[in-house]
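A quick write-up on the structure given underneath.
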Amino acid sequence: QVQLVESGGGLVQAGGSLRLSCAASGRTFSSYAMGWFCQAPGKEREFVAAITRSGAVTVYADSVKGRFTISRDNAKSTVYLQMNSLKPEDTAVYYCASSARDFGLGFANTYAYWGQGTQVTVSS
């Protein structure tokens with residue numbers, strides 16, 4: 001079992017920044033690839049970014065490339081999502097998730113464990 005707890009969401013104006021954190025517990029953090037997904041009202045959950053177990057490889061959705069950065073600190077069992085140049089269309093609940101494998105990270109069904117989500121609201 002892996003427990004994931006997100007934090008750092010909130011209300012920000014367009015063009016602003018937020019840093020999301022996801023703290024993991026229960027298993028060796030470095031044995032899991034980590035991903036971030038978002039879900040806006042009335043929409044399906046969408047892939048945002050992912051990072052492999054070692055942190056050597058990162059993957060991003062086209063919509064966030066150049067604006068968002070995913071990173072991890074295996075010593076702190078935490079994954080981060082730095083969100084810059086936020087847009088109103090980034091408004092959603094953001095979820096972190098963990099996967100035991102380093103491939104297929106753009107797909108939600110790759111991930112076995114999910115956090116409860118944190119709300120990000122970007123005002124225009």
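Along the sequence shown, residues are numbered consecutively beginning with 1. Values below: every heavy atom of this structure, side chains too, minus hydrogens, waters and symmetry copies.
- A single hydrophobic cluster is seen to contain both Tyr32 and Leu81, as judged by linkage of ILVMFWY side chains at heavy-atom distances under 4.5 Å, directly or through other members.
- Side-chain contact annotation: Ser17 with Asn84, donor-acceptor N/O pair under 3.5 Å present.
- Using a distance-only test at 3.5 Å, with no hydrogens or angles considered, a donor-acceptor pair links the side chain of Glu6 to the main chain of Cys96.
- Side-chain contact between Met34 and Phe29: present, with at least one pair of heavy atoms (C-beta onward) separated by less than 4.5 Å.
- Remark: Arg19 qualifies as a cation-pi partner of Tyr80 under the 6.0 Å distance and 45° angle criteria applied to the six-membered ring.
- Tracing side-chain contacts under 4.5 Å through hydrophobic residues (I, L, V, M, F, W, Y), one reaches Met83 starting from Ile51; they form part of the same cluster.
- With contacts defined as side-chain heavy-atom distances shorter than 4.5 Å, the pair Gln119/Thr91 qualifies.
- One finds the CG atom of Asp90 at 9.5 Å from the OG atom of Ser85 (value rounded to the nearest 0.5 Å).
- In plain terms, the two heavy atoms of Leu86 and Leu18 that are nearest each other are CD1-N, 3.8 Å.
- Looking at Arg101 and Thr110, their side chains come closer than 4.5 Å, going by heavy atoms from C-beta outward.
- The NZ atom of Lys87 lies 14.0 Å from the OG atom of Ser124; values are rounded to the nearest 0.5 Å.
- Listed for the Ser21 side chain is no donor-acceptor partner under 3.5 Å among the backbone atoms of Ser7.
- Atoms SG and CZ, on Cys22 and Arg72 in that order, are 10.0 Å from each other to the nearest 0.5 Å.
- Aromatic rings from Trp36 and Phe47 are positioned such that their centres are separated by 6.0 Å or more.
- When all heavy atoms of Ala33 and Leu105 are compared, the pair lying nearest together is CB-CD2, 3.8 Å.
- Between the side chain of Tyr95 and the backbone N or O of Thr118, no donor-acceptor pair lies under 3.5 Å.
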Salt bridge (Lys or Arg N to Asp or Glu O under 4.0 Å) evaluation trace for Asp62 with Lys65:
CA-CA 5 Å; Asp62 288 344; Lys65 282 181 182 176; 3.1 Å; yes
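- Annotation for Val48 and Tyr94: closest pair CG2-CE2, 4.1 Å, computed over non-hydrogen atoms.
- Under the 4.5 Å side-chain criterion, counting only non-hydrogen atoms from C-beta, Ile70 is in contact with Val79.
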